[in-house]
Amino acid sequence: MSASVGAGTLVWFRKGLRLHDNRALSAALQRSGKLVYPVFVLDPWFLHPSKVGPNRIRFLLESLSDLDRGLERDLGTRLIVLRGNPAETLAEAAKDWNCGMCCYEKDTEPYAKERDAKVDKALGEVGCSTESSPGHTLWDMDDLLLACSGKAPQTMTSFLALAKKVGDPGVPLPSPKGLSLAAPPPPFSFDASKHGVPEMADLPHYAEASKGEADSKAKCPFRGGETEGLERLRTLGGVGRGDAYIRGFSKPDTSPTCPTQPSTTALSPYLKFGCVSPRAVYQRLTEAEGKGAQTQPPVSLMGQLYWREHFYLLGHQMGGSFGRMHGSPISKQIPWERNAALVRAWKEARTGFPWIDACMVQLREQGWMHHLGRHAVACFLTRGDLWQHWEEGAAVFDELLLDADWSLNSANWMWLSCSAFFAQYFRVYGPHSFAKKTDPSGAYVRHFLPALRGMPDKYIYEPWKAPAEVQRKARCVVGVDYPFPLVDHADASKANIDKLKLAYAASKDGTGPDHDVAAKVTHENDTAVATAPGVVQYTPGVRVMPNGGTTSGASSPGDAGTLAGLFSKAPKQVKL
DNA sequence: TTGGGAGTTGTTCAA
DNA sequence: GTTGAACAACTCCCA
């Protein structure tokens, strides 16, 4: 290739952290031959533990390292990690490296659309065109939208009809191999300390989290990267699993109570980061399904891929409103609460319901939870027990899940809270009945909640019912070693069903709220603790004063009280 | 237009 | 252990 103007091409990796079936990479190689420069941009927008938890950052860094190794092995080049605002850093690189084109994989999430528009503009200003290729989903979302005349289906049955109409998504592209790409032109020189994949400790805001890195890595069984992802696709995430596992897979029949090896494939984190191409998964499933009788969507493994497409399509069509109740064309308007102390108790595994708390510990430690566990904790937080806004729960999942996909997360929270897609609000998951089916002795609970390890099977899901003597013998006194339950499930779920009935009726006759009425009750640092089953005591936490100082909310035990009491006693100057 | 069938995965209890 | 009814009755989609 001559050194003509704009001869080089940037390949901008964001998701799609793989070499196989990478259409952006293929397009770049086709255009520029050896003058292809693979880059990843560490965008400060997402580099904060409140947005992306330490487990997911580690998974990302592992995926980038694996990609870097793959690029060096098969394409004779390195992944260049840039730091800063994507529009600015990419425009600078394009200019300095004489690139007339930047190829990247299409991303339909709201932030990505906004970011990519800015990048397109900035690159255009330095004479660099951009080209986006599909690849994160089986089909190009715009093609699907066109095929359904701009009206995305709201049920799986209709989505399947649409999928049939658009046809096979095509075979995955092989990985490019045996190439020797050039490095960007001088004065650029690859400096591992500047352009290499960083350690977590080197990232701003993650220094603290990186201190517990060894322990946290040991607890999380998922390592990022294309190599791991393809191996997981080959083994389907379990010893001895093969085509028969694929053909017999039925999602509702898989167990949510396996503490270390998931009963499902757990390919989701690898699909989220694009370490594995959805078309590669599709091909693997198609091959197995061709060999005999098989389960069918929506419960089959192929069905799981279709759910992903289905929700991506809805998210693409609706944009930002897909992640909110207010202004949503599909979410029921329900007067949820936003009680920060209760949401925190749920997030920090202090609800007093062992199955719920164990799930939340698994989420924090592993960044993953079985789908039915997600159902249980989401139902519990919203319509089942705590009556908290589904957006609050979605934000926690978005922070802690390795596989946090905006479209899927929004859709599932709407589903479980009976805000959209699912309306049978009288079907409530029991927080101490559901797990018994697959785990009557509570091994899952014991694994994640050491305090309950000595509790007899009979009381493992409802320890507050154990006689005092049994609790003492089990070295787990409820109220001391493990919390009382925040609510009486029978009372709470019954009251919530009544509230949903009213909210549904109001939405039908048009008297429902047309805005989000949930006011923040309790301060984010307040604590909710049950002092007896279903009796919650709120303790005010530290407040930041207008002058920047802090004050402790509770000066004596008497300051703690009911929610109403908390507010009547809160000093005026306290910022809530 | 309207009515009926279908809808990934609830729980409890009785037979 | 499995199956079916009761609980109370939702929305979407298509014929």
Side-chain angles (χ1 to χ4, degrees), chain A residues 148-149 151-165 246 248-258 262-265 268 285 294-311 313-314 317 328-334 353 355-356 359 369-385 408 411-440 461-462 488-509 512:
Chain A
C148 64
S149 310
K151 201 177 174 329
Q154 285 200 52
T155 62
M156 179 42 72
T157 313
S158 327
F159 181 82
L160 290 173
L162 176 64
K164 198 173 173 188
K165 186 175 166 188
I246 293 174
F249 187 93
S250 177
K251 188 66 168 280
D253 300 331
T254 57
S255 167
T257 44
C258 304
S263 58
T264 52
T265 63
S268 53
L285 301 182
Q294 70 216 32
T295 53
Q296 294 297 318
V299 298
S300 63
L301 264 176
M302 191 66 97
Q304 308 314 302
L305 268 188
Y306 286 140
W307 281 110
R308 185 171 180 271
E309 298 291 306
H310 176 34
F311 291 146
L313 178 61
L314 282 158
Q317 184 199 32
S328 167
I330 59 167
S331 175
K332 276 266 186 310
Q333 301 297 309
I334 294 164
F353 290 96
W355 154 239
I356 300 298
C359 284
M369 195 198 299
H370 186 278
H371 194 60
L372 292 174
R374 301 183 196 200
H375 276 217
V377 300
C379 183
F380 181 86
L381 181 71
T382 57
R383 69 186 170 89
D385 297 85
L408 277 56
N412 282 313
W413 275 92
M414 282 191 271
W415 187 296
L416 264 303
S417 62
C418 279
S419 298
F421 309 118
F422 181 75
Q424 288 169 290
Y425 52 75
F426 37 86
R427 287 191 188 169
V428 181
Y429 289 89
H432 45 72
S433 52
F434 187 77
K436 281 182 193 166
K437 282 181 280 185
T438 50
D439 187 13
Y461 290 109
E462 297 171 281
D488 178 294
H489 172 67
D491 292 350
S493 59
K494 195 174 174 302
N496 290 349
I497 286 172
D498 290 343
K499 282 194 267 189
L500 271 172
K501 196 172 171 181
L502 284 175
Y504 268 50
S507 85
K508 215 180 257 180
D509 66 20

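Below, chains carry the letters A, B, ... as their sequence lines are ordered, and counting in each starts from 1. Atoms considered below: every heavy atom in the structure, side chains included; atoms not considered: hydrogens, waters and symmetry mates.
Interface residues of residues 426-436 of chain A facing DNA chain B, ordered by number: Arg427(A), Val428(A), Tyr429(A), Gly430(A), Ser433(A), Phe434(A); criterion, heavy-atom separation under 4.0 Å. Annotation: proximity of residues 495-508 of chain A to DNA chain C (heavy atom, distance under 4.0 Å) is found for Lys501(A), Tyr504(A), Lys508(A), numbered in ascending order.
Under the side chain to side chain donor-acceptor pair (under 3.5 Å) criterion, Asp498(A) pairs with no residue, sequence neighbours left out. Residues satisfying the side chain to side chain donor-acceptor pair (under 3.5 Å) criterion with Asp488(A), sequence neighbours excluded, are absent altogether. Ser268(A) meets the side-chain contact (heavy atoms from CB on, under 4.5 Å) test with Trp368(A), Asp403(A); sequence neighbours excluded. Lys251(A) meets the side chain to side chain donor-acceptor pair (under 3.5 Å) test with Gln304(A); sequence neighbours excluded. Residues satisfying the side-chain contact (heavy atoms from CB on, under 4.5 Å) test with Asp439(A), not counting sequence neighbours, are Thr257(A), Ser441(A), Ala443(A), Tyr444(A), Tyr461(A). Not counting sequence neighbours, the partners of Asn412(A) by the side-chain contact (heavy atoms from CB on, under 4.5 Å) test are Phe311(A), His371(A), Leu408(A).
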Grab the N/O contacts between the protein and nucleotides 13-15 of chain B below 3.5 Å, and write none if there aren't any.
none

Pairs: protein N or O with nucleotides 3-6 of chain C N or O, under 3.5 Å:
none

Table of protein N/O atoms under 3.5 Å from nucleotides 13-15 of chain C N/O atoms:
from, atom 1, to, atom 2, distance (Å)
dC13(C), OP1, Gln154(A), N, 3.1

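Atom P of nucleotide dG7(B) and atom NZ of Lys251(A) are separated by 18 Å, given to the nearest angstrom. When rounded to the nearest whole Å, the span between CH2 of Trp355(A) and C1' of dG10(B) equals 14 Å. Nucleotide dC12(C) holds its P atom 18 Å from the CG atom of Leu160(A), rounded to whole Å. Atom pair Gln424(A):CD and dG7(B):C1' shows a separation of 7 Å (rounding to whole Å applied). At whole-Å resolution of the value, NE2 in His489(A) and P in dG10(B) are 13 Å apart. Distance, Leu416(A) CG to dT8(B) C1': 12 Å, rounded to whole Å. In this structure, Arg374(A) places its CZ atom 18 Å from P of dG10(B), rounding to the nearest Å. In this structure, His375(A) places its NE2 atom 14 Å from C1' of dG7(B), rounding to the nearest Å.
By the 4.5 Å heavy-atom criterion applied to side chains, Val377(A) and Met369(A) are counted as neighbours. For the pair Pro431(A) and His489(A), the minimum side-chain heavy-atom distance is below 4.5 Å. Looking at heavy atoms from C-beta onward, Pro256(A) lies in side-chain contact with Phe434(A) at the 4.5 angstrom threshold. Using a 4.5 Å cut-off on side-chain heavy atoms (C-beta onward), Pro153(A) and Leu313(A) make contact. Considering only heavy atoms from C-beta on, Pro298(A) stays 4.5 Å or farther from Tyr306(A) through its side chain. Between Ser263(A) and His370(A), some side-chain heavy-atom pair lies under the 4.5 Å cut-off. Between His432(A) and Trp355(A) the shortest side-chain heavy-atom distance does not fall below 4.5 Å. Between Cys418(A) and Tyr504(A) there is a side-chain heavy-atom pair separated by less than 4.5 Å.
From Glu309(A), atom CD reaches atom CG of Leu160(A) across 11.5 Å, with rounding to the nearest 0.5 Å. Between the CG atom of Leu314(A) and the CE atom of Met414(A) there is a distance of 8.0 Å, given to the nearest 0.5 Å.
Put simply, Lys332(A) has no side-chain N or O that comes within less than 4.0 Å of OP1 or OP2 on dC10(C).
Here Thr157(A) lies in heavy-atom contact (under 4.0 Å) with sugar-phosphate atoms only.
Proximity note for Ala423(A) (side chain, C-beta onward) versus dT8(B), dT11(C), dT9(B): the nearest is dT11(C).
Once the 5.5 Å centre distance and the 30° plane angle are applied, the aromatic ring of Trp307(A) is found stacked with the base of dT8(B).
Between Phe380(A) and Tyr429(A), the ring centre distance reaches or exceeds 6.0 Å.
Distance alone, capped at 3.5 Å, is enough to place a donor-acceptor pair between the Thr295(A) side chain and the Phe249(A) backbone.
Stretches of at least 3 consecutive Watson-Crick or G-U wobble pairs, with each checked distance under 3.5 Å, appear in DNA chain B as B:2-7 with C:10-15, B:10-15 with C:2-7.
For the C1' atoms, the distance linking dA9(C) with dG4(B) amounts to 14 Å, nearest Å. Taking atom C1' in both dC13(C) and dT1(B), one finds a spacing of 14 Å when rounded to whole Å.
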key: CA sep, side-chain torsions, deciding dist, call: Tyr425(A), Arg427(A), side-chain contact (heavy atoms from CB on, under 4.5 Å)   = CA-CA 5 Å; Tyr425(A) 52 75; Arg427(A) 287 191 188 169; over 6 Å; no
